[in-house]
Amino acid sequence: MKKNQEEDEEDLNDTNYDEFNGYAGSLFSSGPYEKDDEEADAIYAALDKRMDERRKERRELREKEEIEKYRMERPKIQQQFSDLKRKLAEVSEEEWLSIPEVGDARNKRQRNPRHEKLTPVPDSFFSKHLQSGENHSSVDPLQGVSKYLGGLNTPYPGSMTPGLMTPGTGELDMRKIGQARNTLMDMRLSQVSDSVSGQTVVDPKGYLTDLNSMIPTYGGDISDIKKARLLLKSVRETNPHHPPAWIASARLEEVTGKLQVARNLIMKGTEMCPKSEDVWLEAARLQPGDTAKAVVAQAVRHMPQSVRVYIRAAELETDIRAKKRVLRKALENVSKSVRLWKAAVELEEPEDARIMLSRAVECCPTSVELWLALARLETYENARRVLNKARENIPTDRHIWITAAKLEEANGNTQMVEKIIDRAITSLRANGVEINRDQWIQDAEECDKAGSVATCQAVIRAVIGIGIEEEDRKHTWMEDADSCVAHGALECARAIYAHALQVFPSKKSVWLRAAYFEKNHGTRSSLEALLQRAVAHCPKAEVLWLMGAKSKWLAGDVPAARSILEKRHVWKS
C-alpha cells in the first residue's frame with residue numbers, strides 16, 4: 001500500500017523527464033541528507049566552478065566573436081551612414097544652401113482640409129431692415145430657412161418652451177452692441193491721443209515692446225499665484241506683526257510684475273513692524289532712489305542702533321562725502337560696530353584712516369582686523385607698540401603674533417622671527433588655546449605667498465611635529481610637502497624637507513624626495529649643495545652620487561663630474 005502511494009506521488013511532468021533515467025529521478029531522493037552528502041555536494045560544486053573558470057576565457061572570446069560577427073552582418077543605422085556623416089565636413093556653405101527643400105507629399109485634400117465655414121452677418125443686412133421701418137432688434141436663427149421648411153414654424157406640443165423665440169431680455173440687441181463698440185473705441189483713442197492738438201502720442205515702433213514689458217515675468221501657473229496670495233493674506237491678517245509675511249507678500253507681487261502693489265504692501269509692513277530691519281531693508285530695495293533714501297531715514301529714526309540700516313544708507317549715496325557723512329553719523333550712535341568702522345576706514349585717505357583706526361581700536365579693543373590694519377599704517381616702532389597692545393587685549397589670537405614676526409622680518413630683524421613664533425606657541429598654550437597644526441601650516445603658506453620667507457619657515461619648524469605619532473612622522477611630512485608644492489608654497493615645502501632631513505639624516509628616500517624637489521623647483525647650486533650633504537649621510541646610495549655627477553656634467557663641468565664618480569669609486573673600494 002505504501003509503495004503504491006509513493007508511485008502515485010511521483011511527478012510525471014514532462015519537465016521532469018530524462019532520456020536516460022526516464023521518470024525515476026534520483027534513487028536516493030527519499031534518503032536522509034547527512035553531512036557526508038553535504039561535503040560531497042560542495043566538492044562537486046567546486047569542481048564545476050573550477051571547470052567553468054577554465055572554459056571562461058574561451059567562452060568569452062567566442063561570445064565576443066559572435067557579437068562582432070552579428071554587428072558586421074547587421075550594423076546599426078548610424079554605422080551605415082558614418083562615412084556619409086564624415087563627408088558632410090567637406091560640404092561648403094554654397095552647396096549646403098543649394099540643397100532643395102523637401103516638398104509636401106500630401107494630396108490636396110490633406111493639405112487643404114475643409115472646415116466648417118461660418119459667415120458673419122454683414123452690417124448691410126441690419127441697415128436694410130432699419131431703413132425698411134421694421135422694429136425687430138434681434139435675429140431669428142430660423143428666419144433664413146423658414147420659407148423652405150414651413151413645418152418648423154408650427155409649434156409642436158412640448159417641443160418648444162413658450163417665450164423662447166419671443167422678444168425679451170434673452171435676445172441679442174445688435175444696436176446696443178454696435179454703440180458699445182463705438183464707445184469703447186472712442187475711449188481707447190482718447191487715451192492715446194494728445195488733448196491739445198489731437199495727434200497721437202503712441203510710438204508705433206515701440207508699441208509692441210511696451211506691451212511685452214507689461215507681461216509678468218513669472219512663468220508659473222496663475223492658480224498657484226492666487227493660492228499663494230490668498231495664503232499670505234491670511235498670514236498677514238492672522239499675525240500682522242510677523243515681518244516674513246510682509247516680505248514674502250511683497251516679493252510675490254514683485255515676481256508677478258506688480259511692483260507698485262509690492263511697494264504698497266511693504267510700506268504697510270513697515271507700519272505694522274517698525275522694529276524689523278528686514279522689512280525696512282526690503283522696502284528700501286523696492287523703492288526708487290530718492291524714495292529709498294527717505295525710507296532708510298525713517299528706518300534710522302525707528303532703529304537708531306541698526307548697523308545694517310546705516311550700511312544700506314551709505315550704499316544708497318553716490319557721493320563719497322555723503323557716504324562718509326552717513327557712516328560718521330552712524331559711528332556716533334553705534335561706536336562698537338566693527339563693520340561700520342571698517343566701512344568708514346575704507347573711504348578715508350591713509351593718514352585719516354590711521355587716526356580713525358586709533359579711535360576704532362579704543363572702541364572695539366577685541367577686533368583683530370582693526371589692530372592689524374592700524375599696525376600696517378604705523379611706522380616700525382609704533383607698529384610694535386600697537387601689536388603689543390593688541391596681544392594684551394587679545395591674548396588668544398595667533399594672527400597678531402604672525403604679523404609681529406612678519407614686521408620684524410620686513411625690517412631686517414630675522415633673528416627675532418624664530419623667537420616670536422616660539423613665544424607665540426608658548427603664550428597661546430598658556431591661555432588655553434589648542435594649536436591646530438593645519439591652520440598654522442595654512443598661515444605659513446600665506447606668509448610664503450606674501451614674501452615672508454623667514455616667517456613661514458619659522459612657523460613650519462614650530463608646528464610641523466605637533467600632534468603626530470612618531471611612526472607616522474615621515475609619511476605625514478612628505479604629504480605636507482607635496483601639499484605645499486601643490487599650493488605654490490615652495491619655501492614651506494623646502495622648510496619641511498629640511499626639518500625631515502634633520503630628523504631622518506640616513507633615510508635615502510627623504511634625500512631623494514628633497515633632491516627631486518630642488519631639481520624641479522630650485523636652482524642648480526641648491527641641488528648640488530643638497531646632494532653633497534646627501535652623499536655624506538648616505539654614501540651607499542649610488543643614485544645620489546649619479547645625480548650629483550649628472551648635474552655637474554649638464555652644467556659643463558666635466559672634471560667635477562669625474563671627481564664625484566672617482567670619490568664614489570674610492571669609497572666603494
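Quick note: numbers below take in every heavy atom, side chains included, and nothing from hydrogens, waters or symmetry partners.
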Grab the two heavy atoms, one from Leu232 and one from Ser249, that are nearest each other, plus how far apart they are.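 It is CB-OG, 3.3 Å.
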Do the charged groups of [X] and [Y] touch, with an N to O distance under 4.0 Å?
X: Glu65; Y: Arg62; result: no
X: Glu317; Y: Lys323; result: no
X: Glu253; Y: Arg263; result: no
X: Glu518; Y: Arg494; result: yes
X: Arg524; Y: Glu528; result: yes
X: Arg71; Y: Glu68; result: no
X: Asp278; Y: Arg308; result: yes
X: Lys56; Y: Glu53; result: no
X: Asp319; Y: Arg325; result: no
X: Arg384; Y: Glu378; result: no
X: Arg339; Y: Glu369; result: no
X: Arg285; Y: Glu282; result: yes

Count the heavy atoms of every other residue, nucleotide or ligand shown that sit under 6.0 Å from NZ of Lys324, and state whether that count exceeds 12.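 More than 12 within 6.0 Å, yes.
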Measure the acute angle between the ring planes of His499 and Trp477, then classify it against the limits of 30° and 60° as parallel, tilted or perpendicular.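 It falls in the perpendicular class, over 60°.
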Do we see a donor-acceptor contact under 3.5 Å between the side chains of Gln298 and His302?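 On atom types as modelled, these side chains do not qualify, holding no pair under 3.5 Å.
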